[in-house]
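Reviewing the structure listed below.
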Amino acid sequence: MINDPVLIHEWHPVARVDNLHVGEVRSVSLLGEDIVLWRNAEGVFAWKDLCLHRGAKLSLGKVVGKCLQCPYHGWLYDGAGKCVKIPAHPEQTPPPRARTQSYSCRESCGWIWVALSDRPTAVPEFPDWNQPGARIFYFGPYDVKAGGPRIIENFLDLAHLSITHEGILGDGKHAEVERYDVTTSDHGVDAKNITVWQPDPDSSGKGDYAHYEYRVMRPLTAYLDKRIGAFRFTMMISAAPLTETTSLVWFMISLSGAEHVSDKAIIDWNHRIFMQDIPIVESQKPERLPLDLQAELHLNCDRTSIAYRQWLNRLGLTFGTA
(Lines give C-alpha, C1' and ligand atoms only; values in the text may rest on other atoms or scores of the structure.)
Protein backbone atom coordinates (compact mmCIF):
# COMPACT_ATOMS: atom_id res chain seq x y z
CA MET A 1 0.00 0.00 0.00
CA ILE A 2 1.19 3.52 -0.80
CA ASN A 3 1.24 5.14 2.62
CA ASP A 4 0.82 8.83 1.79
CA PRO A 5 0.31 10.80 5.04
CA VAL A 6 -2.55 12.79 3.49
CA LEU A 7 -4.40 10.49 1.10
CA ILE A 8 -4.79 7.53 3.45
CA HIS A 9 -7.15 9.75 5.48
CA GLU A 10 -9.09 10.90 2.39
CA TRP A 11 -12.25 9.36 0.96
CA HIS A 12 -12.10 8.05 -2.61
CA PRO A 13 -14.98 6.79 -4.80
CA VAL A 14 -14.61 3.15 -5.80
CA ALA A 15 -18.06 2.22 -7.18
CA ARG A 16 -21.58 3.42 -7.86
CA VAL A 17 -24.08 2.62 -5.11
CA ASP A 18 -26.57 1.19 -7.62
CA ASN A 19 -23.92 -1.06 -9.18
CA LEU A 20 -23.28 -3.14 -6.05
CA HIS A 21 -26.34 -5.11 -4.96
CA VAL A 22 -26.89 -7.30 -1.89
CA GLY A 23 -24.91 -10.50 -2.30
CA GLU A 24 -22.42 -9.05 -4.78
CA VAL A 25 -18.63 -9.04 -4.38
CA ARG A 26 -16.19 -6.88 -6.31
CA SER A 27 -12.46 -6.31 -6.52
CA VAL A 28 -11.27 -2.69 -6.58
CA SER A 29 -7.91 -0.97 -6.19
CA LEU A 30 -6.87 2.13 -4.27
CA LEU A 31 -3.43 3.58 -3.50
CA GLY A 32 -1.76 0.37 -4.63
CA GLU A 33 -3.96 -1.74 -2.36
CA ASP A 34 -6.24 -4.54 -3.60
CA ILE A 35 -9.63 -4.23 -1.88
CA VAL A 36 -12.64 -6.51 -1.74
CA LEU A 37 -15.91 -4.60 -1.82
CA TRP A 38 -19.07 -6.49 -0.90
CA ARG A 39 -22.60 -5.97 0.34
CA ASN A 40 -24.97 -7.90 2.59
CA ALA A 41 -28.43 -6.89 3.84
CA GLU A 42 -26.84 -4.71 6.53
CA GLY A 43 -24.58 -2.60 4.35
CA VAL A 44 -21.43 -2.38 2.25
CA PHE A 45 -17.92 -3.32 3.40
CA ALA A 46 -14.36 -2.73 2.16
CA TRP A 47 -11.48 -4.97 3.28
CA LYS A 48 -7.96 -5.85 2.27
CA ASP A 49 -8.47 -8.44 -0.48
CA LEU A 50 -6.68 -11.20 1.38
CA CYS A 51 -7.61 -14.24 3.44
CA LEU A 52 -5.07 -14.57 6.26
CA HIS A 53 -5.13 -18.37 6.10
CA ARG A 54 -3.40 -18.98 2.76
CA GLY A 55 -3.50 -15.62 1.03
CA ALA A 56 -6.39 -16.20 -1.40
CA LYS A 57 -8.31 -13.23 -2.76
CA LEU A 58 -11.56 -12.78 -0.89
CA SER A 59 -13.02 -11.05 -3.95
CA LEU A 60 -13.18 -14.51 -5.57
CA GLY A 61 -15.47 -15.64 -2.75
CA LYS A 62 -19.18 -15.23 -2.21
CA VAL A 63 -21.66 -13.77 0.26
CA VAL A 64 -23.22 -16.39 2.55
CA GLY A 65 -25.95 -14.84 4.68
CA LYS A 66 -24.33 -11.94 6.50
CA CYS A 67 -20.80 -13.23 5.88
CA LEU A 68 -18.20 -13.27 3.12
CA GLN A 69 -16.76 -16.72 2.40
CA CYS A 70 -13.19 -17.28 1.25
CA PRO A 71 -13.11 -19.21 -2.07
CA TYR A 72 -10.21 -21.45 -1.00
CA HIS A 73 -11.07 -23.12 2.33
CA GLY A 74 -14.45 -21.54 2.99
CA TRP A 75 -13.57 -19.46 6.01
CA LEU A 76 -16.52 -17.22 6.88
CA TYR A 77 -15.93 -13.58 7.86
CA ASP A 78 -18.68 -11.47 9.41
CA GLY A 79 -19.35 -7.77 8.71
CA ALA A 80 -16.74 -6.74 11.29
CA GLY A 81 -14.10 -8.74 9.40
CA LYS A 82 -13.87 -11.44 12.06
CA CYS A 83 -13.67 -15.10 11.05
CA VAL A 84 -16.66 -16.86 12.62
CA LYS A 85 -16.39 -20.32 11.09
CA ILE A 86 -13.70 -22.64 9.70
CA PRO A 87 -15.39 -25.49 7.77
CA ALA A 88 -12.43 -27.89 8.29
CA HIS A 89 -12.82 -27.45 12.06
CA PRO A 90 -16.50 -26.54 12.62
CA GLU A 91 -16.33 -27.02 16.41
CA GLN A 92 -13.25 -24.86 16.83
CA THR A 93 -13.55 -21.19 17.75
CA PRO A 94 -11.49 -19.25 15.19
CA PRO A 95 -8.39 -17.63 16.70
CA PRO A 96 -8.54 -13.86 17.40
CA ARG A 97 -5.91 -13.22 14.69
CA ALA A 98 -8.29 -14.59 12.07
CA ARG A 99 -9.76 -11.28 10.97
CA THR A 100 -9.40 -9.12 7.91
CA GLN A 101 -7.95 -5.64 7.57
CA SER A 102 -11.09 -3.49 7.37
CA TYR A 103 -11.28 -0.04 5.80
CA SER A 104 -13.70 2.83 6.30
CA CYS A 105 -16.58 2.62 3.81
CA ARG A 106 -19.51 5.01 3.21
CA GLU A 107 -22.31 5.56 0.71
CA SER A 108 -22.86 9.20 -0.23
CA CYS A 109 -24.38 11.02 -3.21
CA GLY A 110 -24.69 7.80 -5.21
CA TRP A 111 -21.06 6.73 -4.82
CA ILE A 112 -19.39 4.21 -2.51
CA TRP A 113 -16.39 5.85 -0.88
CA VAL A 114 -13.44 4.13 0.81
CA ALA A 115 -10.75 5.54 3.09
CA LEU A 116 -7.72 3.47 4.09
CA SER A 117 -7.61 5.05 7.55
CA ASP A 118 -9.81 4.55 10.59
CA ARG A 119 -9.60 8.33 11.17
CA PRO A 120 -10.76 9.71 7.81
CA THR A 121 -11.72 13.28 6.96
CA ALA A 122 -15.34 14.15 6.13
CA VAL A 123 -16.79 12.56 3.00
CA PRO A 124 -16.98 15.13 0.15
CA GLU A 125 -20.59 16.12 -0.48
CA PHE A 126 -21.92 17.18 -3.87
CA PRO A 127 -23.46 20.59 -3.02
CA ASP A 128 -26.31 20.18 -5.53
CA TRP A 129 -27.32 16.64 -4.61
CA ASN A 130 -30.78 17.69 -3.39
CA GLN A 131 -31.19 20.84 -5.48
CA PRO A 132 -34.92 21.19 -6.42
CA GLY A 133 -35.57 20.84 -10.15
CA ALA A 134 -32.03 19.73 -10.98
CA ARG A 135 -31.18 16.56 -12.86
CA ILE A 136 -28.30 14.44 -11.56
CA PHE A 137 -25.99 12.56 -13.93
CA TYR A 138 -22.98 10.29 -13.50
CA PHE A 139 -20.34 9.44 -16.06
CA GLY A 140 -17.15 7.50 -15.87
CA PRO A 141 -15.16 6.12 -14.30
CA TYR A 142 -12.30 6.61 -16.72
CA ASP A 143 -9.05 4.70 -16.35
CA VAL A 144 -6.47 7.44 -16.94
CA LYS A 145 -2.72 6.95 -17.08
CA ALA A 146 -1.98 10.07 -15.06
CA GLY A 147 -1.64 10.99 -11.41
CA GLY A 148 -4.56 12.48 -9.53
CA PRO A 149 -2.99 15.92 -8.97
CA ARG A 150 -2.34 16.36 -12.70
CA ILE A 151 -5.95 15.42 -13.47
CA ILE A 152 -7.43 17.83 -10.92
CA GLU A 153 -5.18 20.66 -12.09
CA ASN A 154 -6.35 20.11 -15.66
CA PHE A 155 -9.95 20.42 -14.44
CA LEU A 156 -9.09 23.80 -12.88
CA ASP A 157 -7.20 25.11 -15.92
CA LEU A 158 -8.91 28.01 -17.71
CA ALA A 159 -6.44 28.72 -20.50
CA HIS A 160 -6.91 25.33 -22.19
CA LEU A 161 -10.69 25.71 -22.68
CA SER A 162 -10.40 27.76 -25.88
CA ILE A 163 -7.61 25.57 -27.28
CA THR A 164 -8.15 21.94 -26.31
CA HIS A 165 -11.95 22.32 -26.37
CA GLU A 166 -12.26 24.92 -29.12
CA GLY A 167 -15.76 24.98 -30.57
CA ILE A 168 -17.23 23.48 -27.39
CA LEU A 169 -15.96 25.26 -24.27
CA GLY A 170 -14.06 28.07 -25.94
CA ASP A 171 -13.11 30.01 -29.03
CA GLY A 172 -9.56 30.69 -30.15
CA LYS A 173 -10.59 34.26 -31.00
CA HIS A 174 -11.63 34.76 -27.37
CA ALA A 175 -8.71 32.98 -25.68
CA GLU A 176 -7.77 35.76 -23.28
CA VAL A 177 -8.24 34.91 -19.61
CA GLU A 178 -9.33 37.96 -17.63
CA ARG A 179 -8.18 38.44 -14.07
CA TYR A 180 -10.28 36.60 -11.49
CA ASP A 181 -10.29 36.06 -7.72
CA VAL A 182 -8.57 33.16 -5.94
CA THR A 183 -8.60 32.47 -2.21
CA THR A 184 -7.08 29.64 -0.20
CA SER A 185 -8.04 28.36 3.23
CA ASP A 186 -7.39 25.25 5.29
CA HIS A 187 -10.38 23.69 3.53
CA GLY A 188 -9.22 24.20 -0.06
CA VAL A 189 -9.06 26.67 -2.94
CA ASP A 190 -11.83 28.87 -4.37
CA ALA A 191 -11.72 30.69 -7.72
CA LYS A 192 -14.54 33.16 -8.47
CA ASN A 193 -15.62 35.95 -10.81
CA ILE A 194 -14.49 34.01 -13.88
CA THR A 195 -16.00 34.90 -17.25
CA VAL A 196 -15.44 32.64 -20.26
CA TRP A 197 -16.72 33.14 -23.81
CA GLN A 198 -18.18 29.92 -25.20
CA PRO A 199 -19.70 29.11 -28.62
CA ASP A 200 -22.66 27.23 -27.13
CA PRO A 201 -22.54 27.35 -23.32
CA ASP A 202 -26.18 26.40 -22.64
CA SER A 203 -27.19 24.25 -25.66
CA SER A 204 -29.11 27.17 -27.20
CA GLY A 205 -26.83 27.27 -30.23
CA LYS A 206 -25.80 30.85 -29.44
CA GLY A 207 -22.47 32.09 -28.16
CA ASP A 208 -22.42 33.80 -24.77
CA TYR A 209 -20.33 34.46 -21.70
CA ALA A 210 -20.44 31.77 -19.03
CA HIS A 211 -19.74 32.56 -15.40
CA TYR A 212 -17.55 30.03 -13.62
CA GLU A 213 -16.62 29.26 -10.05
CA TYR A 214 -14.19 26.52 -9.03
CA ARG A 215 -13.69 24.93 -5.65
CA VAL A 216 -10.99 22.47 -4.67
CA MET A 217 -12.85 20.49 -2.01
CA ARG A 218 -10.19 17.90 -1.17
CA PRO A 219 -6.73 17.12 -2.63
CA LEU A 220 -8.22 14.95 -5.41
CA THR A 221 -11.81 16.23 -5.52
CA ALA A 222 -12.94 19.49 -7.13
CA TYR A 223 -16.16 21.25 -8.09
CA LEU A 224 -17.32 23.57 -10.88
CA ASP A 225 -20.36 25.88 -10.89
CA LYS A 226 -21.22 27.30 -14.33
CA ARG A 227 -24.12 29.69 -14.98
CA ILE A 228 -25.69 31.56 -17.89
CA GLY A 229 -28.98 33.19 -16.92
CA ALA A 230 -31.36 30.46 -15.71
CA PHE A 231 -29.01 27.75 -16.98
CA ARG A 232 -26.89 26.17 -14.25
CA PHE A 233 -24.41 23.34 -14.68
CA THR A 234 -22.35 21.97 -11.79
CA MET A 235 -19.85 19.15 -11.71
CA MET A 236 -17.83 17.30 -9.11
CA ILE A 237 -14.76 15.35 -10.19
CA SER A 238 -12.84 12.89 -8.05
CA ALA A 239 -9.62 11.20 -9.19
CA ALA A 240 -9.35 7.98 -7.19
CA PRO A 241 -5.62 7.08 -7.08
CA LEU A 242 -4.73 3.58 -8.22
CA THR A 243 -0.98 4.20 -8.38
CA GLU A 244 1.08 7.39 -8.51
CA THR A 245 0.60 7.57 -12.28
CA THR A 246 -2.80 5.94 -12.82
CA SER A 247 -6.23 7.06 -11.64
CA LEU A 248 -9.88 6.15 -11.90
CA VAL A 249 -11.75 9.39 -12.62
CA TRP A 250 -15.37 9.85 -11.55
CA PHE A 251 -17.81 12.63 -12.46
CA MET A 252 -21.13 13.78 -11.00
CA ILE A 253 -23.25 16.47 -12.69
CA SER A 254 -26.24 18.61 -11.75
CA LEU A 255 -28.15 20.45 -14.50
CA SER A 256 -31.08 22.86 -14.37
CA GLY A 257 -32.56 25.28 -16.89
CA ALA A 258 -31.97 22.94 -19.85
CA GLU A 259 -35.02 20.71 -19.85
CA HIS A 260 -34.91 20.45 -23.66
CA VAL A 261 -31.56 18.64 -23.55
CA SER A 262 -31.79 14.85 -23.26
CA ASP A 263 -29.91 12.84 -20.64
CA LYS A 264 -27.96 11.07 -23.38
CA ALA A 265 -26.90 14.36 -24.97
CA ILE A 266 -25.56 15.60 -21.63
CA ILE A 267 -23.51 12.47 -21.02
CA ASP A 268 -22.23 12.34 -24.62
CA TRP A 269 -21.24 16.01 -24.52
CA ASN A 270 -19.24 15.66 -21.32
CA HIS A 271 -17.68 12.38 -22.47
CA ARG A 272 -16.48 14.10 -25.64
CA ILE A 273 -14.84 16.86 -23.61
CA PHE A 274 -13.00 14.55 -21.24
CA MET A 275 -11.81 12.36 -24.10
CA GLN A 276 -10.05 15.46 -25.44
CA ASP A 277 -8.37 15.99 -22.07
CA ILE A 278 -7.12 12.44 -21.51
CA PRO A 279 -4.33 12.21 -24.13
CA ILE A 280 -2.96 15.60 -23.10
CA VAL A 281 -2.92 14.88 -19.39
CA GLU A 282 -1.39 11.46 -20.02
CA SER A 283 1.38 13.13 -22.05
CA GLN A 284 2.45 15.63 -19.37
CA LYS A 285 5.99 15.44 -18.00
CA PRO A 286 6.93 15.05 -15.29
CA GLU A 287 4.12 12.70 -14.42
CA ARG A 288 4.23 13.85 -10.80
CA LEU A 289 2.91 17.39 -10.31
CA PRO A 290 5.78 19.75 -9.33
CA LEU A 291 4.97 21.61 -6.13
CA ASP A 292 8.09 23.75 -6.46
CA LEU A 293 6.77 26.76 -8.39
CA GLN A 294 10.21 27.26 -9.96
CA ALA A 295 9.97 23.93 -11.77
CA GLU A 296 7.50 25.15 -14.42
CA LEU A 297 6.57 28.51 -15.92
CA HIS A 298 3.43 30.17 -14.50
CA LEU A 299 1.33 33.07 -15.77
CA ASN A 300 -1.55 35.12 -14.38
CA CYS A 301 -4.08 32.76 -16.01
CA ASP A 302 -2.60 29.93 -13.88
CA ARG A 303 -3.51 31.49 -10.53
CA THR A 304 -5.86 28.64 -9.55
CA SER A 305 -3.21 26.05 -10.41
CA ILE A 306 -0.62 27.97 -8.41
CA ALA A 307 -2.93 28.12 -5.39
CA TYR A 308 -3.71 24.40 -5.74
CA ARG A 309 -0.04 23.46 -5.78
CA GLN A 310 0.71 25.69 -2.80
CA TRP A 311 -2.21 24.18 -0.86
CA LEU A 312 -1.07 20.60 -1.61
CA ASN A 313 2.42 21.55 -0.47
CA ARG A 314 1.01 22.98 2.76
CA LEU A 315 -0.98 19.78 3.37
CA GLY A 316 2.15 17.69 2.96
CA LEU A 317 0.90 15.63 0.01
CA THR A 318 3.66 13.43 -1.41
CA PHE A 319 1.63 11.08 -3.62
CA GLY A 320 1.68 12.08 -7.30
CA THR A 321 3.74 15.20 -6.58
CA ALA A 322 7.38 16.19 -6.95
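For the single chain, residues carry numbers from 1 onward in sequence order. The model shown is predicted, which means the values in this text are computed figures rather than measured ones. All heavy atoms count here, side chains included; hydrogens, waters and symmetry mates do not.
In summary, Asp78 and Lys82 do not engage in a salt bridge, as defined by a charged side-chain N under 4.0 Å from a carboxylate O. Here Arg135 pairs with Asp263 in a salt bridge; the nearest charged N to carboxylate O distance falls below 4.0 Å. Arg150 and Glu296 are joined by a salt bridge, as a carboxylate oxygen and a charged side-chain nitrogen come within less than 4.0 angstrom of each other. Between Asp190 and Arg215 there is a salt bridge, with a side-chain nitrogen of the basic residue lying less than 4.0 Å from a carboxylate oxygen of the acidic one. The pair Glu24-Lys62 does not count as a salt bridge, with every side-chain nitrogen at least 4.0 angstrom from each carboxylate oxygen.
With Glu287 contributing its side chain and Thr245 its backbone, the two residues share no donor-acceptor pair below 3.5 Å. For Ser185 (side chain) and His187 (main-chain N/O), a donor-acceptor pair under 3.5 Å exists by modelled atom type. Within the 3.5 Å criterion, the main-chain N or O of Leu224 finds no donor-acceptor partner in the side chain of Thr234. No donor-acceptor distance shorter than 3.5 angstrom exists from the side chain of Thr164 to the backbone of Leu161, with no hydrogens or angles considered. Here the side chain of Gln69 pairs no donor or acceptor atom with the backbone of Val64 at under 3.5 angstrom. The closest donor-acceptor contact from the side chain of Asp49 to the backbone of Ser59 lies under 3.5 Å. Under the 3.5 Å distance criterion, the side-chain polar atoms of His12 are matched with a main-chain donor or acceptor of Leu7. A donor-acceptor pair under 3.5 Å is absent between the side-chain atoms of Trp197 and the main chain of His174, judged by distance alone.
Cluster annotation: Ile253 and Leu156 are assigned to the same hydrophobic cluster (Ile/Leu/Val/Met/Phe/Trp/Tyr, side-chain heavy-atom contacts under 4.5 Å, transitive). Taken together through direct or relayed side-chain contacts under 4.5 Å among Ile, Leu, Val, Met, Phe, Trp and Tyr, Leu291 and Leu220 form part of one hydrophobic cluster. In the hydrophobic cluster analysis, where Ile, Leu, Val, Met, Phe, Trp and Tyr join through side-chain heavy atoms closer than 4.5 angstrom, Phe251 is grouped together with Val144. A single hydrophobic cluster is not seen to contain both Val25 and Val17; linkage of ILVMFWY side chains at heavy-atom distances under 4.5 Å, directly or through other members, places them apart. Both Phe319 and Val6 belong to a common hydrophobic cluster when Ile, Leu, Val, Met, Phe, Trp and Tyr are linked at side-chain heavy-atom distances under 4.5 angstrom.
Cation-pi check for Arg16 over Tyr138 is met; the charged atom lies under 6.0 angstrom from the ring centroid and within 45 degrees of its normal. Within the cation-pi definition used here (under 6.0 Å to the ring centroid, within 45° of the axis), Arg227 does not qualify as a partner of Phe233.
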*Can you list the steps and then say if Asp225 with His211 is a side-chain hydrogen bond (donor to acceptor under 3.5 Å, both in side chains)?*
CA-CA 8 Å; Asp225 187 332; His211 302 281; over 6 Å; no
*Please assess Arg179 against Asn300 for the test side-chain contact (heavy atoms from CB on, under 4.5 Å), listing each intermediate value before the final yes or no.*
CA-CA 7 Å; Arg179 187 172 181 83; Asn300 187 58; 2.9 Å; yes
*asked:* Apply side-chain hydrogen bond (donor to acceptor under 3.5 Å, both in side chains) to residues Asn313 and Tyr308 and explain how you reach the verdict.
replied: CA-CA 9 Å; Asn313 196 32; Tyr308 176 57; over 6 Å; no
_Using side-chain contact (heavy atoms from CB on, under 4.5 Å), reason through Arg303 and Leu158 one step at a time and then give a plain yes or no._
CA-CA 10 Å; Arg303 294 175 65 238; Leu158 288 168; over 6 Å; no
*List the steps and the verdict of side-chain contact (heavy atoms from CB on, under 4.5 Å) for Ile35 and Leu116.*
CA-CA 10 Å; Ile35 296 170; Leu116 300 185; 3.9 Å; yes
*Step by step, would you call Ser117 with His9 a side-chain hydrogen bond (donor to acceptor under 3.5 Å, both in side chains)?*
CA-CA 5 Å; Ser117 165; His9 300 296; 2.8 Å; yes
*Arg218 and Trp11: side-chain contact (heavy atoms from CB on, under 4.5 Å), yes or no, with the steps?*
CA-CA 9 Å; Arg218 300 305 309 158; Trp11 292 96; over 6 Å; no
*What do the steps show when you test Arg39 against Glu107 for salt bridge (charged side-chain N to carboxylate O under 4.0 Å, His left out), and what is the final call?*
CA-CA 12 Å; Arg39 187 191 292 278; Glu107 298 177 70; 3.2 Å; yes
*Could you go through the side-chain hydrogen bond (donor to acceptor under 3.5 Å, both in side chains) check for Asp4 and Thr318 one step at a time?*
CA-CA 6 Å; Asp4 180 86; Thr318 59; 2.6 Å; yes
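Tyr180 and Glu213 share no donor-acceptor pair across their side chains, judged by distance under 3.5 Å alone. Under 3.5 Å, the side chains of Glu125 and Ser108 contain a donor-acceptor pair of N or O atoms. Using a 3.5 Å distance cut-off with no hydrogens or angles, the side chains of Asp157 and Tyr214 do not pair a donor with an acceptor. In the model, Asp171 has no side-chain atom that pairs as donor or acceptor with a side-chain atom of Ser162 under 3.5 Å. Under 3.5 Å, the side chains of Glu33 and Tyr103 contain a donor-acceptor pair of N or O atoms.
Shown here is Asp18, whose CG atom has more than 12 heavy atoms of other residues, nucleotides or ligands within 6.0 Å. The environment of His21 atom NE2 is dense: over 12 non-hydrogen atoms of other residues, nucleotides or ligands sit within 6.0 angstrom. For CD of Gln294, the number of neighbouring non-hydrogen atoms (other residues, nucleotides, ligands) closer than 6.0 Å is 12 at most.
Contact detail for Pro199 and Ile168: the closest heavy-atom pair is CD-O, 3.7 Å. Minimum interatomic distance between Val44 and Leu20 (heavy atoms only, all atoms of both residues): CG2-CD2, 3.5 Å. Ile136 approaches Ser254 most closely through the heavy-atom pair CD1-CB, 3.9 Å. Trp269 approaches Lys226 most closely through the heavy-atom pair CH2-NZ, 4.1 Å. Residues Ser283 and Ile280 come closest through the heavy atom pair OG-O, 2.7 Å.
Checked against Arg309 for a side-chain contact (heavy atoms from CB on, under 4.5 Å), the options Thr304, Thr321, Asp302, Leu293 give a single hit: Leu293.
The closest side-chain heavy-atom distance from Leu50 to Leu58 is not below 4.5 Å. Residues Phe137 and Asn270 fail the side-chain proximity criterion, which asks for heavy atoms closer than 4.5 Å. Proximity of Glu178 to Asn193: side-chain heavy atoms (C-beta onward) are nowhere separated by under 4.5 Å.
Aromatic ring pairs are classed by plane angle as parallel below 30°, tilted from 30° to 60° and perpendicular above 60°; the pair Tyr77 and Trp47 is perpendicular.
Interatomic distance, Ser238 OG to Phe126 CZ, rounded to the nearest 0.5 Å: 12.5 Å.
If you look at Tyr142 and Phe274, their ring centroids are closer than 6.0 Å.
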